[in-house]
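Here's the structure, in structure tokens; my notes come after.
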Amino acid sequence: MSNLKVPKATAKRLPIYYRYLRFLHDAGKERVSSTELSAAVKVDSATIRRDFSYFGALGKRGYGYDVEDLMNFFSKTLKQDRLTNVALIGVGNLGHALLNYNFHQSNNMRISAAFDINKEIVGTILSGVPVYPMSEMVEQLRLQQIEVVILTVPTEVAQETTNDLAEAGVKGIMNFTPIRISVPKSIRVQNVDLTNELQTLIYFLDHYNTDKDKDKKDEE
Ligand code: ATP
């Protein structure tokens, strides 16, 4: 099931569904209809039904979805049923903020190792996470079976660091640097450019400030 390929747009919605199902489960709710789910996660119910259909018939007509079953199912699909260790490379302002944050909303992913060249922080523990020298990166990634890395190094060294990560056998990179890094086919990159996002938001406020435009944008 975990090898099942679903459209990217569907894959992106899975964490949203999962988060809401956990919320319902924690609140003691046993079942949910696609209409309720739709209102809560702001995805239309036809899309929800289509998304879920990729995983087989998960709902029952007239009953809706069993919250616990569905939550467990997505938990497995998103690999949240076991702990995923993640590494962070470059403990500057942004890197440190992410160490502090450390995905506490999720019980099942955490940054377990950080790497940097700065002698002042190497060998220390920041926000509960040990900071290793870059020379120990390959070994630590292997020991801790880390396949996913968050990249918060300066732009100038982003590509060379990526090359080292590729050699170390990393499978996924969450790239917070503003450059588009080149990677071999075996690596998936998720770009998170905060400056870009904020600029885009400001641009939209200036150029598309009617509700009608907003509706149009949401449909795109
Ligand atoms: P930001 O606010 O973007 O996080 P910053 O201004 O705090 O950055 P940067 O100069 O962008 O700091 O560096 C981010 C971190 O990356 C620093 O802790 C720095 O020591 C580290 N760093 C710099 N070069 C490398 C490298 N080649 N490999 C690993 N870490 C590096």
Side-chain angles (χ1 to χ4, degrees), residues 8 11-16 18-19 78-80 82-208 217:
K8 259 192 189 162
K12 280 192 171 177
R13 284 188 287 268
L14 298 185
I16 303 172
Y18 177 59
R19 180 184 287 198
L78 291 166
K79 293 218 161 57
Q80 294 293 304
R82 60 177 169 78
L83 181 69
T84 303
N85 284 330
V86 174
L88 180 133
I89 323 280
V91 192
N93 287 310
L94 188 55
H96 202 167
L98 290 169
L99 284 190
N100 248 323
Y101 175 62
N102 213 347
F103 307 92
H104 289 303
Q105 291 159 319
S106 153
N107 300 320
N108 302 307
M109 336 177 262
R110 58 153 198 201
I111 302 169
S112 62
F115 299 90
D116 206 292
I117 51 162
N118 181 353
K119 289 198 174 65
E120 299 201 350
I121 55 169
V122 162
T124 67
I125 295 181
L126 291 177
S127 308
V129 180
V131 184
Y132 299 95
M134 291 302 284
S135 57
E136 286 180 26
M137 187 177 81
V138 175
E139 191 194 353
Q140 282 301 328
L141 293 181
R142 186 176 52 78
L143 281 175
Q144 300 191 38
Q145 300 183 326
I146 295 177
E147 295 182 328
V148 177
V149 162
I150 300 172
L151 194 61
T152 42
V153 292
T155 309
E156 314 84 77
V157 297
Q159 188 58 56
E160 67 184 65
T161 310
T162 301
N163 299 345
D164 293 344
L165 290 169
E167 259 178 49
V170 155
K171 299 224 174 95
I173 299 178
M174 193 170 189
N175 174 28
F176 277 89
T177 78
I179 65 156
R180 293 294 157 118
I181 46 178
S182 307
V183 290
K185 281 205 180 79
S186 56
I187 298 184
R188 178 169 285 274
V189 178
Q190 193 76 36
N191 292 304
V192 187
D193 186 333
L194 294 177
T195 308
N196 207 337
E197 293 294 320
L198 190 56
Q199 267 167 354
T200 309
L201 177 62
I202 292 167
Y203 175 84
F204 277 129
L205 291 186
D206 276 353
H207 294 82
Y208 299 82
K217 155 110 202 0

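Atoms within each ligand, like the ligands themselves, are counted from 1 in listed order. Predicted, not measured: the structure shown is a model, and the values here were computed from it.
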List, one per line, each side-chain donor-acceptor pair under 3.5 Å for residues 83-103, sequence neighbours excluded.
residue: Asn85; atom: OD1; partner: Arg110; partner atom: NE; Å: 2.8
residue: Asn85; atom: OD1; partner: Arg110; partner atom: NH2; Å: 3.2
residue: Asn100; atom: OD1; partner: Ser127; partner atom: OG; Å: 3.2
residue: Tyr101; atom: OH; partner: Gln105; partner atom: OE1; Å: 2.9
residue: Asn102; atom: OD1; partner: Ile111; partner atom: N; Å: 2.6
residue: Asn102; atom: ND2; partner: Ile111; partner atom: O; Å: 3.2

Run through ligand 1 for me and note each protein residue having a heavy atom under 4.0 Å from it, chain first, then residue number.
->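 For ligand 1, the residues that come within the 4.0 Å heavy-atom cutoff are Gly90, Val91, Gly92, Asn93, Leu94, Asp116, Ile117, Asn118, Met134, Thr152, Val153, Pro154, Val157.
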
Return yes when atom CD of Glu136 has more than 12 non-hydrogen atoms of other residues, nucleotides or ligands closer than 6.0 Å, and no otherwise.
->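 It does: Glu136 CD has more than 12 such atoms within range.
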
List the atom of [X], the atom of [Y], and the distance in Å for their closest heavy-atom pair.
X	Y	result
Phe115	Met137	CE2-CA, 3.4 Å
Ala113	Ile146	CB-CD1, 4.3 Å
Thr177	Val153	CG2-O, 3.4 Å

State whether a side-chain donor-acceptor pair under 3.5 Å links Asn163 with Glu167.
->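 On atom types as modelled, these side chains do not qualify, holding no pair under 3.5 Å.
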
